[in-house]
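Side chains included, hydrogens not; waters and symmetry mates left out as well; all remaining heavy atoms used. First listed ligand is number 1; within each ligand, the first listed atom is number 1. Everything numeric in this text was worked out from a predicted model, so none of it was measured.
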Amino acid sequence: MTTTTAEPASLTLENLRKTYVARGREPFEAVKGMDLKIRPGELIALLGPSGCGKTTTLRMIAGLETVTAGNIKIGDRVVQDLPPGKRDIGVGFESYALYPPLSVRENLAYGLKARGVKGAREMVGRIAERLEMTELLELRPASLSSGQKQRVALARALIRNPRVLLLDEPLSHLDAAQRQRVRRELKVLQREFGYTTIVVTHDQLEALSLADRMAVMNAGVVEQFGTPDEIYDNPANVFVADFVGEPKINLFEGTVERRGGDVHVRVGREGTLRTAVGDADDGRPVTVGLRPQDARPAADDEAGVPAEVAVYEDFMEFGLATVEVAGVDGRIVVQTPHGVHWRRGDIRRIAARPDRVYLFDTDSGGRIR
Ligand SMILES: Nc1ncnc2c1ncn2[C@@H]1O[C@H](COP(=O)(O)OP(=O)(O)OP(=O)(O)O)[C@@H](O)[C@H]1O
Ligand SMILES: [Mg+2]
């Protein structure tokens with residue numbers, strides 16, 4: 001698609017804070033000092049549970065919410081005191097108002113024409129096709145479903161030609177199949193246009209699959225900022241490990257056992273797993289993190305964790321065994337390869353790649369390396 005694209009800009013948040021103050025209520029700190037340096041043209045996912053401050057952060061960047069402290073920079077320019085219209089930011093917020101008397105096509109073409117872009121009609125047609133909304137073009141906004149409105153809002157944000165694009169849950173109202181297709185198209189369009197983009201989501205698969213880098217947020221702070229690989233392979237703490245990954249990582253208590261140069265972790269009454277962790281004292285109680293995908297049936301001559309199968313689900317490509325380990329609270333889920341058929345009541349031994357056995361400090365939740 002050819003268009004005159006604004007030069008992509010970096011976006012920097014420095015110690016960004018937001019405290020909401022309402023009469024008769026305790027002040028509430030929703031964003032507690034965010035630092036993010038986003039490169040020109042990068043696609044960032046802001047991921048975190050409900051209420052962690054994602055929308056607040058976007059609204060501050062867009063200028064829809066005042067900043068309590070800190071800086072927002074686009075390129076070298078500090079923008080937090082500029083009105084929204086002067087920031088050169090496109091927003092695809094769900095509630096984004098469309099002009100009711102105009103058709104969707106006219107709504108979309110409006111901004112292009114105002115900027116004097118030639119071939120506005122064709123451009124609207126092409127982008128509508130790619131976002132699966134051609135059939136919506138002649139409709140009025142009032143007749144759109146929420147999923148349809150969402151695609152229109154996305155198209156409108158993309159067409160606006162901003163230096164920074166902010167999208168808050170842009171696909172939340174689409175059905176599963178369409179969501180996948182539009183997500184792929186969004187990624188391709190973002191590359192073509194080259195906008196520096198933040199996509200807010202609480203869907204970790206969406207974040208992992210879309211983003212160049214992702215920021216995992218919790219209660220107003222960024223717990224970790226990195227590529228999807230870094231976040232998945234090297235979670236900084238229990239929160240990130242627990243939030244990212246499907247099925248969820250197993251977290252259980254263990255005790256460090258040093259044997260010669262090797263570090264093992266004792267699990268339950270009889271189990272042992274070797275880990276690649278270097279910096280842990282013998283006897284230290286730890287929280288062990290083991291992804292179902294990183295656990296496997298132990299080889300005959302290999303140490304491991306004896307476990308009793310409580311449930312076995314066979315999905316053909318793989319199976320999921322939910323097992324119980326003597327002396328460990330809660331159950332552990334293990335992904336087994338195709339062709340393994342465990343049954344309830346089986347006693348099996350579980351092993352794992354040492355570099356995939358994570359240890360966390362039991363009190364702080366921080367990763368032990
Ligand atoms: N105008 C406001 N006044 C007071 N508190 C607010 C206001 N807006 C948001 N909050 C609070 O700030 C916190 C962060 O809200 P925010 O909308 O940023 O969360 P979020 O991460 O976008 O969540 P969700 O995934 O549910 O959209 C929440 O606890 C919310 O209740
Ligand atoms: Mg939100």
- Measure the distances from the heavy atoms of G53 to every atom of ligand 1 and state whether one is below 4.0 angstrom.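 The answer is yes, since G53 has a heavy atom less than 4.0 Å from ligand 1.
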Using a plain distance cutoff, I'd like to know if [X] has any nitrogen or oxygen under 3.5 Å from a nitrogen or oxygen of ligand 1.
X    : value
C52  : yes
E169 : no
K54  : yes

- R156, R160, R121, M123 screened by side chain to side chain contact (heavy atoms under 4.5 Å, CB included) with L108, the one that passes: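 Checked R156, R160, R121, M123 against L108; only one passes side chain to side chain contact (heavy atoms under 4.5 Å, CB included): R156.
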- Message: Does I72 form a side chain to side chain contact (heavy atoms under 4.5 Å, CB included) with L11? I'd like the steps, not just the answer.
- Response: CA-CA 7 Å; I72 302 169; L11 173 66; 4.1 Å; yes
- Query: N/O/S of T56 less than 2.8 Å from the Mg ion (ligand 2)?
  - Reply: no
- Task: Show which atoms of ligand 1 fall inside a sub-4.0 Å distance from at least one heavy-atom site of F28.
- Result: 11 (C), 12 (O), 13 (C), 29 (O)
- Query: Got a protein heavy atom sitting under 4.0 Å from atom 31 (O) of ligand 1?
  - Reply: no
- Any salt bridge between E29 and R17, counting N to O under 4.0 Å? yes
- Which class fits the ring pair Y195 and F193: parallel under 30°, tilted 30 to 60°, perpendicular over 60°? parallel
- Is R25 close enough and on-axis enough to Y20, meaning under 6.0 Å and within 45°, for cation-pi?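 Ring-cation test returns no.
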